[in-house]
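In this chain, numbering begins with 1 at the start of the sequence shown. Small disclaimer: the values here were computed from a predicted structure and weren't measured.
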Amino acid sequence: MAGRFSPRPTRTTVRGGHVAVPGGIPRQAAVAGRARTWVPQWPLDLGLVLGPLRRGPGDPTFRAMPDGSVWRASLTPSGPGTLRVSARGAEVRGEAWGPGAEWLLERLPELLGAADDPSVFVPRHRVVAMARHRRPGLRLTRTGLVMESLIPSVLEQKVTTDEAYRAWRLLVRKFGEPAPGPAPGRMYVMPDARTWALIPSWEWHRAGVDNKRASTILRAVRVAARMEEAVRMPPAQAQARLEVVPGIGPWTSAEVVQRSHGAADAVTVGDLHLPGIVGFALAGDRDADDSVMLELLEPYAGQRHRAARLILLSGRVPARRTPRMPRGDIGRL
């Protein structure tokens with residue numbers, strides 16, 4: 001998900017959402033699965049569109065391959081499934097395996113931004129206009145899945161990027177199931193709601209997840225069906241549904257609907273870095289808070305998340321002037 005930022009990216013700048021997907025001719029998978037071809041009517045950048053779905057370079061549910069393909073392992077309403085997406089010229093090919101294969105292929109266009117309409121976006125600042133010009137393949141993905149974005153977003157609450165990504169990686173590999181089909185090695189489908197609910201307390205501790213975040217996830221998975229219903233709601237109503245669960249606030253709900261709904265206006269508030277980045281890029285104010293950020297983004301009402309992503313992708317971020325937040329590991333206690 002990382003864009004080009006200096007020094008090391010924070011989780012906020014990472015949310016600009018670009019994965020380096022090497023070029024080349026995609027290889028064909030060795031095991032036959034269901035397949036679908038689709039021709040988008042716009043430039044498509046797989047790394048930009050799917051980048052926000054990757055939770056760190058070691059994410060066991062996401063893999064960008066040297067042949068130019070992107071693999072995802074998802075828990076769909078029809079069951080676990082593996083999706084491989086590759087582009088050759090103007091044509092996109094999707095291949096899928098497992099009980100969820102048909103569900104994944106049916107929603108392939110939306111996953112790649114077909115439900116998004118960037119034509120309504122009007123840049124109001126030079127930095128935003130330049131970022132848009134340089135990223136013609138940017139579209140907002142819509143996964144149609146809530147829990148697969150909700151759980152890792154809760155894990156990312158108030159901790160460093162490394163801690164959150166490590167917890168997600170350890171828990172999915174230990175309690176998930178291997179991705180169906182000929183997926184690259186060590187790819188896993190995340191656990192279902194019942195499995196999350198049965199994870200012992202000491203396993204959360206070993207993964208470095210404190211009781212507050214673990215309890216929030218446990219409360220959410222108990223009402224997983226109700227959470228997934230939110231995908232059929234408008235983004236604002238979906239956020240309200242998610243925030244009914246104690247421990248899920250505006251930051252987490254926005255991070256979820258940005259992915260599950262492709263919500264163009266779901267700007268993230270309550271973030272440690274984003275207000276300063278937006279303030280610095282648009283007004284030279286690196287000390288901006290949420291209220292200042294929202295005021296600066298007001299000209300983009302209806303498209304504030306898209307504007308924020310373009311700012312993150314522009315690389316115009318203030319230089320670090322305080323020490324990086326220390327990484328903790330409660331699993332060592």
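Counting only N and O atoms by type, the side chains of T252 and Q157 include a donor and acceptor under 3.5 Å apart. Residues E255 and T268 bring a donor and an acceptor atom of their side chains to less than 3.5 Å of each other.
Side-chain contact between W168 and I151 is present, with at least one heavy-atom pair separated by less than 4.5 Å. Counting only heavy atoms from C-beta outward, the side chains of R139 and P118 approach each other to under 4.5 Å.
For an aromatic pair to be called close, the ring centres must be under 6.0 Å apart, and H273 with F280 fails this.
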Give every donor-acceptor pair under 3.5 Å between a side-chain atom in residues 227-239 and any protein atom, sequence neighbours left out.
| residue | atom | partner | partner atom | Å |
| --- | --- | --- | --- | --- |
| E228 | OE1 | V146 | N | 2.9 |
| E228 | OE2 | M147 | N | 3.0 |
| E229 | OE1 | R226 | NH1 | 3.0 |
| E229 | OE1 | R241 | NH1 | 3.4 |
| Q239 | NE2 | S253 | OG | 2.8 |

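For the pair R84 and D67, the salt-bridge criterion is met [side-chain N within less than 4.0 Å of a carboxylate O]. Comment: D265 engages R304 in a salt bridge, judged by a side-chain N to carboxylate O separation of less than 4.0 angstrom. Classification of R213 and E156 as a salt-bridged pair fails, no side-chain N sitting under 4.0 Å from a carboxylate O.
Put simply, the residue from T76, V85, T82, T143 that forms a side chain to side chain contact (heavy atoms under 4.5 Å, CB included) with L104 is T76.
Within the model, atoms CZ of R126 and CZ of R316 stand 11.0 Å from one another, a figure rounded to the nearest 0.5 Å.
For the salt bridge (charged side-chain N to carboxylate O under 4.0 Å, His left out) condition, the pairs that include at least one residue of residues 174-191, sequence neighbours left out, are K174-E203.
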Ring pair (Phe, Tyr, Trp, His ring centres under 6.0 Å), that's the test. Do Y188 and F175 meet it? Break it down for me. CA-CA 9 Å; Y188 289 82; F175 297 101; over 10 Å; no

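Ring planes of Y300 and H125: tilted class, angle from 30 to 60°.
Counting only distance, with no hydrogens or angles, the side chain of R36 and the backbone of E106 share a donor-acceptor pair below 3.5 Å.
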